[in-house]
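Below is one structure, written out as structure tokens, with a few remarks after it.
Values below: all heavy atoms of this structure, side chains included; hydrogens, waters and symmetry mates excluded. If you read the sequence from its start, that first residue is 1, and numbering goes on from there.
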Amino acid sequence: MKRIKPTNDFNANEVALTNYSTGDTMTYAQLAISISHIHQILYNNGVKKGEHILLSNNGTPTWVAHLAGVVTYGAVAVIVPSKLSNYELSDIKERENIIDLDLSGSGRLHTSHEDIDIDIFKFTLNDDIIVDYSYNDFGFLSPTRTKVYEFMKLAEDIKRRYMKIRHSRMPSMLLANRDCMNAKDILASLSIGSHITLAGMNPTSGTLLQCLKKCRPHFVYLDTKTAENMIRERIFPIIKDPDKKSYMSSSHARRTMLKQVRKRMMFALGGCITIVSVTGGRFSPEVEQFLQKIEFPYMFM
């Protein structure tokens, strides 16, 4: 009943998920058990292929296990921010035809005698796998729908990027977001056996840098606001130091300085970073121009 690579294909003792703010970890063996538990709950409640299950995005390993369990079962995970008004929640439930279900173990019981038949060969590349709701620039909730083929493409892209680097350890990824974690990126990362570190909601730039130094990720996923705050608070004060104005008057000195800034930024991100993927819109012109000048490896999702 799985649409993503089975988690038990990886070393059971390898850590799949780490919550940096609490120190909680979940191995691939524990994740596989949690997924099986979610499958059983969905089956007992009569959930069928393509039905929509609501998941509140709180960025914890438990939430990730629920997410993986729902999509591997064949249902569609409808992701919403953790703090919604009653009106917003009711509107989404009605719009997406949500099955009200508590994945902790309770919920409506399946009383029908009809068999629950989920055939993986009936899935098509255009089937929805995730519907992710987030606030747009105007403050309104809007959905982003991910289909099976889009998810498969992302997983292959992550795997291809990892194959280009030297394999001293399993692929490591850091996800940090001001509002919510990107469900598609998390599932794609798990599908190639990554160790994912969740930095928590609204991490400060100081907390984020400590997390980066500890987990030394190959790939980092940040939202625009978090990344821009870190640059303005930690990088700009260095290069805009009044004592360096005379030193920066020379073009050679500026190039040397920018090379050192890039080197220090890469070191601050753990020293193993290959790409920073940014979600939530573009940077301000000042920040984007700076990143392009130092040829920093980032891309917008």
Side-chain angles (χ1 to χ4, degrees), residues 15-27 31 56-65 67 79-83 132 134-135 158 169-187 189-190 194-241 260-284 286-288 290-291 294 296-301:
V15 175
L17 297 158
T18 298
N19 187 332
Y20 179 76
S21 59
T22 64
D24 296 334
T25 61
M26 182 181 291
T27 65
L31 178 60
S56 181
N57 190 338
N58 59 17
T60 64
T62 299
W63 169 75
V64 174
L67 168 66
I79 314 297
V80 298
S82 56
K83 295 181 180 180
D132 205 341
S134 59
Y135 291 100
I158 292 174
R169 56 195 173 100
M170 66 188 295
S172 175
M173 305 194 182
L174 172 82
L175 291 104
N177 201 299
R178 179 171 294 273
D179 299 314
C180 58
M181 300 298 172
N182 190 303
K184 180 173 64 174
D185 293 330
I186 290 176
L187 288 181
S189 302
L190 287 176
S194 298
H195 172 201
I196 299 177
T197 301
L198 305 171
M201 299 297 199
N202 302 307
T204 64
S205 57
T207 298
L208 191 53
L209 286 174
Q210 291 174 7
C211 182
L212 286 161
K213 289 179 181 179
K214 183 176 181 179
C215 70
R216 300 174 63 236
H218 299 108
F219 311 110
V220 176
Y221 291 80
L222 298 174
D223 67 287
T224 306
K225 291 181 181 178
T226 300
E228 188 156 323
N229 282 347
M230 185 168 66
I231 292 170
R232 291 187 181 280
E233 292 174 8
R234 301 286 169 167
I235 306 300
F236 278 0
I238 298 174
I239 63 176
K240 294 185 178 182
D241 187 341
Q260 289 301 313
V261 169
R262 184 186 189 279
K263 186 177 180 180
R264 291 185 62 177
M265 281 185 67
M266 297 294 283
F267 178 76
L269 291 172
C272 298
I273 189 71
T274 61
I275 190 73
V276 175
S277 300
V278 184
T279 61
R282 304 194 72 85
F283 291 122
S284 65
E286 180 186 25
V287 170
E288 189 156 1
F290 163 71
L291 292 175
I294 65 172
F296 188 78
Y298 74 99
M299 62 180 289
F300 292 106
M301 300 293 288

Decide yes or no for [X] and [Y]: does some side-chain heavy atom of the first lie under 4.5 Å from some side-chain heavy atom of the second?
{"X": "M265", "Y": "L291", "result": "yes"}
{"X": "F296", "Y": "V276", "result": "yes"}
{"X": "V64", "Y": "L190", "result": "yes"}
{"X": "F283", "Y": "F300", "result": "yes"}
{"X": "D185", "Y": "F219", "result": "no"}
{"X": "P297", "Y": "T274", "result": "no"}
{"X": "C211", "Y": "T197", "result": "yes"}
{"X": "M173", "Y": "P217", "result": "no"}

If you round to the nearest 0.5 Å, how far is [atom2] of [Y] from [atom1] of [X]?
{"X": "Y298", "Y": "E288", "atom1": "OH", "atom2": "CD", "result": "4.0 Å"}
{"X": "L31", "Y": "T62", "atom1": "CG", "atom2": "OG1", "result": "10.5 Å"}
{"X": "K214", "Y": "L174", "atom1": "NZ", "atom2": "CG", "result": "12.5 Å"}
{"X": "N229", "Y": "L208", "atom1": "CG", "atom2": "CG", "result": "10.5 Å"}
{"X": "S194", "Y": "L17", "atom1": "OG", "atom2": "CG", "result": "10.0 Å"}
{"X": "H195", "Y": "H218", "atom1": "NE2", "atom2": "NE2", "result": "12.0 Å"}

Handout entry: Side-chain donor/acceptor of R216 to backbone N/O of C272, under 3.5 Å
Key = no
Handout entry: Derivation of the side chain to side chain contact (heavy atoms under 4.5 Å, CB included) call for Y20 and T207
Key = CA-CA 9 Å; Y20 179 76; T207 298; 4.0 Å; yes
Can you name the closest pair of heavy atoms from [X] and [Y] and give their distance?
{"X": "V287", "Y": "R232", "value": "CG2-NH2, 3.8 Å"}
{"X": "L198", "Y": "P61", "value": "CD1-N, 3.8 Å"}
{"X": "I273", "Y": "M266", "value": "CG2-CE, 3.2 Å"}
{"X": "D223", "Y": "V278", "value": "C-CG1, 4.2 Å"}
{"X": "W63", "Y": "S56", "value": "CD1-O, 3.1 Å"}
{"X": "M230", "Y": "L222", "value": "CE-CD1, 4.4 Å"}

